[in-house]
Every structure is written in structure tokens, then in C-alpha cells.
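Below, chain A is the first sequence line, B the second, and so on; all start at residue 1. Quick note: numbers below take in every heavy atom, side chains included, and nothing from hydrogens, waters or symmetry partners.
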Amino acid sequence: MDELSYKPNLIEAEAQSWWTKNQSFKALETSDREKFYCLCMFPYPSGRLHMGHVRNYTIGDVVSRYQRMKGKNVMQPMGWDAFGLPAEGAAIKHGLAPSEWTRENIAYMRSQLQRLGFAYDWDRELATCDKDYYHWEQWFFTRLFKQGIAYKKLAVVNWDPVDQTVLANEQVIDGKGWRSGAEVERREIPQWFLRITDYAPELLEKLDDLDWPESVKTMQKNWIGKSEGLEINFSVKDSPQVLTVYTTRPDTLLGVSYMAVSAEHPLAKAAAENNSKLEFFIEESKKNSVSEAIIETIEKEGMSLGINAIHPITGNEVPIWVANFVLAGYGTGAIMAVPAHDQRDFEFANKYGLPINQVIVPFDESQICDLDSEAFISKGILINSGKYNGLDFSSAFDQIAEDLELEGKAIRKINYRLRDWLISRQRYWGTPIPIIETHDGEIKAVKDEDLPVQLPENVELDGSGSPLNHISDFLEISDSETGERLKRETDTFDTFMESSWYYARFCCPDSHTAMLDNRASYWLPVDLYIGGVEHAILHLLYARFFHKLLRDNGLVVSDEPFKKLLTQGMVLKDGGKMSKSLGNTVDPEELIQQYGADTVRLFIMFASPPEQSLEWSDEGVKGSFRFLNRLWDRVITHISEGQVRGINLSEENLGNRQKEFRRQIHKTIEKVSDDIGRRYTFNTAIAAVMELVNYTSRYKTKDSIDRELVQEALENAVLLLSPIVPHICHQLWFLLGNTNAVIEENWPTSDSNVTTAESVTIVIQVNGKLRAKIIFPAGANRELIESTAASDGKVKKFINGKKIKKTIFVEDKLVNFVI
RNA sequence: GCCCGGGUGGCGAAAUUGGUAGACGCAACGGACUUAAAAUCCGUUGACCUUAUGGUCGUGCGGGUUCAAGUCCCGCCCCGGGCACCA
């Protein structure tokens, strides 16, 4: 074995112990440099790292190390999103307590992260299942409870009648419980909510200020779903009840031909009492999952309730139906149906032979309106609408709203699609909700001095019922002062609660006297947040909401938690998502053992830009390993020819060939700095360094100036690659004769005098087709270029004596003759 | 069903502001080195036509705008993500 060959395992251990010994990644608030908080979405400790983790954390590490070299005071922390459903499943399967399973996983995955050489400040590590963490979440919740932001109401859940437990949507497979196989029912139970809808306007408006991908901002905007409409009350015939609906299209009000309510609606319940067919239909509808994706794709079915609503304008009777696609938790749980101008209402009306009343016509004939085949959903001019005929959308909206408001039959309303956040879960492995119930049913927050409410950890799970309900020590307590018998809330928090504020706790994870202290004001907001695009809506919206709650309670000073967001794509293998069930996973650990962490990091950053999905390739990994070997050999060969130092590379000392080499070096610095610093396109940054290394390898060294140029090229290649492959660069930097570690070096800057090209290639087109390329001195004037181009043999041939109608000229780029 | 992305050689991709399509890498093929293989190094590599110079076509499909379209507009097809209890 060659003493001088590339041995990744050896040099990676050496580099890592150097960083540890020098506490290179410890982040302090006392620095006078500008702060940079770089955060990757923390992992759920599922057992082992997968490639998605490696990709996510490598991106964060590259940016952190780059920003550090740019002189920033960088904090990059890591922790564990440790509560969640899989731990309960694993506990049942392996007979292990969820806490034990989780903590073993954390220990193993921590060692895997360390082996990858990520620049984390491990002193800030936290796990959400630690009582020091959830203590403050409970403390904050009791404030929200007292402020009325947390409240209780009925909500629909998936209920497994055999296991007597609530199921997650994921646990419902083809309408059956995943363990019991029993047909799942929808059931209404009391649940805790947070009033996120109170913050809907701000959550919407502040999106504009964020440096986030437009697609994510659009998704959040649509999710919040602001609409302006009318809430209209229909009276019910022969009944004191009122049927309230919300519509954004009051201009179509005269086209209403039926009403539809959800299976949970009071009118449906009442009508079913003396109608067994209806009762059966409603029971069947309730067997559908609560998942919107499922409800929206099932066969649309309905049944008449046998009662009528009274149209608020015409006074006509309109039949009321129950329909399986009307969502109980959305709007008023009831709709007015206008089949002529809504596609879903149209299909339902056709299926059940309900009337289709056209009340809108297009503005002009260019629009197609064929009510035999589909609804006409565009806005237009009103017809068949009595005194409103001839009005357009906005005047019809105003007129109808005004008239109905006068009669007290409607109010204008801004509505949001966003619903309040359901935060309680009927599960064991989560943060206990710090609420107690007195014997007379009063609900009270647990007092500060009694926090945290600790989750009992040594429990046995069997998959049925609620475990906390069976632990009497937990469930039944007595008041420390009065001795009154009290009962604890046994629900736990949605795990999105923990992930909604961990980014803030990383600023001061050791604070025992407060949830957050002024260190949070120093570090927040997060400068760059990186994670999977699958979190584009829920996690990122909840975290934004929680941040505003923290702000309104004086705990943080910023309005938004994440200044810039980078959403990484998925890691695929053979075109599909890597998953255990498909058996196409690649274990990062095996690859690290075989090639070292740097090779894995390099491949994963080179294979595609971060936002795109990444196709895994074992051959590609080998290619990355080959490149690192070439780079290593190149440096070894260079230094074995002896040290070069202090030779003046200023322009007057260089020949043309040397000037061009130096130009390549500085063009590479310029490109890589832009790719990493601005564009986040690490793949093209790596390609640029590869080109420089290839150029250097081909470059024949004839004198000491050449050797100094090779030194400059290799040093810069090492500096530019050091955020991506930090271990090999740590070693190569010393080998190149430097005494400081590369991590302590500044990011290189390119010299614009060197990068300015003396000549440019101008593309010559005839009618937009490439016909010639001619080299001109940079900045050559238009006349010269055009006359030279026109007399070029090939160009002449294509102009072929025809008249030039027009000449397009783009400086330093192209000439296009239009003939 | 609704919302948001994506589709470029045999493969991963590049083309940053409408201006040279395919940088860089993988695979493949040919050559050098070697007893041989591996490794390494050098070369070729979008398709078709052509002896060659060269030419024609080509960025999911069909239209359009423009001197010029992978890039902009309209209509489709396919794939992926999310849809509120997976994280």
C-alpha cells in the first residue's frame, strides 16, 4: 500500500478530532461578527439515517461552512423530533418501551451524523421527549389556554371500534383499521384546538416578505384560502331551524336548485330520526375516512332529507339533501348548490335528476357555454334573476348582499379555508396536555409550579385504548393545597407542537428558568432553513403561527421564524422513492465505510441541484471517489516536485498561456462563489472545480511561474471544495504547505483584472440558425463585427446574395442576419 | 377531486436575464500500460444523411408569439409532493 495514497477513513478521523479538539463549531453570542443561523429540519429518530437525511444535512453543512469562511458567526444545531406514532408501533412489535426505543435510535443516529463530519454545535443538542423541553411547551400552552387561544370543541376522528382507539389517517387502509381490520367509523369527540384562524390575515400577508420558493408561498396562500363572500341564511319550511351556507358566488343565488349538508349536520341528524333509509345512508357515509383526499375522490352520493329550504329572494322551496362530499368541519358544513355554474353541483344534479337553472351568460361569444356537457363556471352577466338581470359579477354581488343584509338574511364575510389547528391526540408517546379536571367538571390549567407534567415512561403498550387512562398514578391526583380529587387530561399534543418552536429553543437549550431568553433574540430569525418540500404547508405554517404566538407573548422579537427557505427534493432509486417496502434503500453507513464520508457528501451534492429530486447511482458514487483520488494524486505529485512560494504572478510576468490558466483559476472562484453563495447550485460548483482540476492536470509546467500557477490552482480548488468535502481538504491544505487549518481560512476572492477576457467568441446566425463562430477582441465595435461576419465564407453561402432585411446585434454575443 | 412542482442524449444533469442545446459526471466503445485482470492515463460518444467539408432534425405532445423559444403564452399527456391524526 502506497504511503501517499488517499485513505479516507484515516484522514476523516484525523480531521474530525482536530475540529473537536479546537471546538471549531461552538457558537457563541459574544462574537462581533455578523450572525448566521443555519438550520436543517431535525430528524425523527426512526433507527438509522437514510439518504434523505444525508442530503438534507450535507446541504446545511456546506452552507454553514461556506458562511463561516465568509466571516459569519455561524450556528448550526442538531436535535431530535422524538415523539411520534412509530415509537408506539415499534414498542408493541418489540416489547420495548417507546422511550427506550427512541433513545437507542437517537444514540445510534447521533454517531452516524458525527461520522459524516457535520459542523454542529453538539452542546445545543435537544430531544423533544426530554422533560426539560416539553416543560416549556406545557408552560406556554397554559398561557394560551388562559388567553383563550387554546380551546376545546367537538371534532370528527377515525374510530377503530375493535381496538377502541383513534386512528391516524395513515392507519386507515381501504376504510379498515390497520391492526384490527375492523371497518373504521367517524366519531365526534371533544378535542383541543389552537385559534390559528385568528392569525390567518397575518399569515397570509407576511408571506410576501419571505425569501421562500414561490411555489411554497403559493401553496400556503391557497391553503389559507382567503375568500370574500356572503353567509346566507335559508329558513327551513315548517321548522324554526335556519340553514346557513357560505358562498363566494352570490351572483348565482337565483340558480340554486338544491341544498346539501354533511352527514354530521344537525338537520341531517334530525331528519334521520324517523326515516330508517336516511339513517342507514348517513351511517354508511360516516364510514368514509375523515381524509379530504379520500372524500374528494369517492363516488358522490346523496339522499333527500325530505325537507325544504325557503329561497331568501324568490320564496320558492328548495330541497335539502345530505351528501357524502360535504365536509363537516369546513365552512358551515352545508352548501347551496348551483348546478349550472359549479361543476361538482352539476355532476350531482345530473346523477339525481335535479334541475339545472342557468343564471349567468358569458360576456362575449369567445367563451364556450354548453350546459349539456359541463357547468359554466366563469363570471359573466346575470339572466333569469329578476331585478338583477344584466348585472355583472361585482354589481350583482353588491346588490344581492345589500338587499339580503337589509332583511337580515345574510352578512358579507371574509372566509378562510384554513381551519383551527387540532392539537390533541389520543396517544401515549407525546407531551401530556397540562390540564386537570375537577370533580365537578371544571377544566383548569396545571399551575406553573406543578410543571412539567411528566409522561410516565415505563409503560406496556398493547395497541388498544389509551395507556395513560390506565395509569392511575398519572390519571388521578389530589390538589397539593386543598387535597381535592383531580383528574388529568390524558390526551397528548400533536407532535407538530414540538417542531413548531425547536428552532427557537436551540438558541438557549440550557435555559432552566425560561422558555426562551435574550439569546433567542440574537440568533432569530433562522437565516436559512432547509428541509423536505413535503413540509411546505403543515409544519412550516404551524411554525410560523407558533412564532407569532411567541412574539405576542414577548418571547421573540421577530415576526417570522425562517428568513430564507430551501426545500430539498427527494432521493430516488430506479425512478421511485427509496423505501423499505420497495426494498430499494441504500444504507449511507455502508457507503461511508467503503468510500468515506467525503465521497458520499460529494456525490449527493453533485448528482442534482438541491431542489430537484436526486436519482441515486452506485456508479456515480464511484465516480465521485475517483475524482477525490485524482485531486489527492494531483496534490501529491505537485508537492513531490518541491515547494514553490512567493513568485510574483502579476500580469507583466505572465505569457499568454499562463494568463489563460490564471484566468481559468479566477473564473472558477467567481463561479463557485456565486453558485454556493447565491444560487445554491452545488452541482455546478463542483463541476466548475472539476474543470479546473482537469485543466491543471493537462497543463504542462515548464518553469517556476507555471509551478506557482499550479500551486494557486490547487490551493483554490481545496478552498472551494472545503465546505463540501471538508476532511480531504483539511489534509490537502496542510500538504500544500499551509500552517493554518483550512477551516480557519477566508473564502477566496477572484481578481477582476485577471478574469476579464481579452477576446470573445461571437456567434453568427442567418435567420436564427448558427452558421459561424468568430473570435473578436472584447468590446469590438458593431460595424467591424458585422462586416467581418458578412464576408465569412459560410455566412456568405447562406445569405446567398439575398437582401438583408434586418441585423440583430447582441454585444459580445451574437449577430443575426435576417434575410 | 383540489393545490404545487417536474418531463432535455443510453443515464444523472448543464444552459443564471429569450441569444452557441447537452458543460461536468456515469455508462459504453477504442487505444496505451500490464503475462493477465483491476486500477490509471489518452481518445470517441444526441439522432439521421454524407468519403469528407458539411447538412437536416432534435429539449413529453399539439398549437402560438418572436429576428431568435429548453426558456414566454394557450390546450393536452405522463410522473412526483401535499390535502389538516405519518413525520
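- If you check B/C41 for Watson-Crick or wobble pairing at under 3.5 angstrom, you find it paired to B/G31.
- A/Arg417 comes within contact range of at least one nucleobase, with a heavy-atom separation under 4.0 Å.
- Base contact: A/Gln426 has a heavy atom under 4.0 Å from a base atom.
- B/C57 is paired with B/G46 under the criterion used here, namely a Watson-Crick or G-U wobble arrangement in which both key atom distances are under 3.5 Å.
- Judged by distance alone with a 3.5 Å cut-off, no donor-acceptor contact links the side chain of A/Arg626 to the base of B/U40.
- The P atoms of B/A39 and B/A27 are separated by 9 Å, rounded to the nearest whole Å.
- B/G9 shows a glycosidic angle within 90° of 0 and is accordingly assigned syn.
- Look at the P atom in both B/A87 and B/U20: the space between them is 49 Å, to the nearest Å.
- For B/G12, the paired base is B/C24 (Watson-Crick or G-U wobble, both distances below 3.5 Å).
- Across all strands shown, A/Phe817 has no heavy atoms under 4.0 Å from either base or sugar-phosphate atoms.
- When the C1' atom is compared between B/U65 and B/C26, the two are found 39 Å apart, to the nearest whole Å.
- Counting distance only, with no hydrogens placed and no angle test, the side-chain atoms of A/Glu292 and the base atoms of B/C2 include no donor-acceptor pair under 3.5 Å.
- Of all nucleotides present, only B/G64 satisfies the Watson-Crick or G-U wobble test against B/C72, with each distance under 3.5 Å.
- Here B/G25 presents its P atom at 20 Å from CD of A/Glu615, a figure rounded to the nearest Å.
- At the heavy-atom level, A/Met41 lies nowhere under 4.0 Å from the strands shown.
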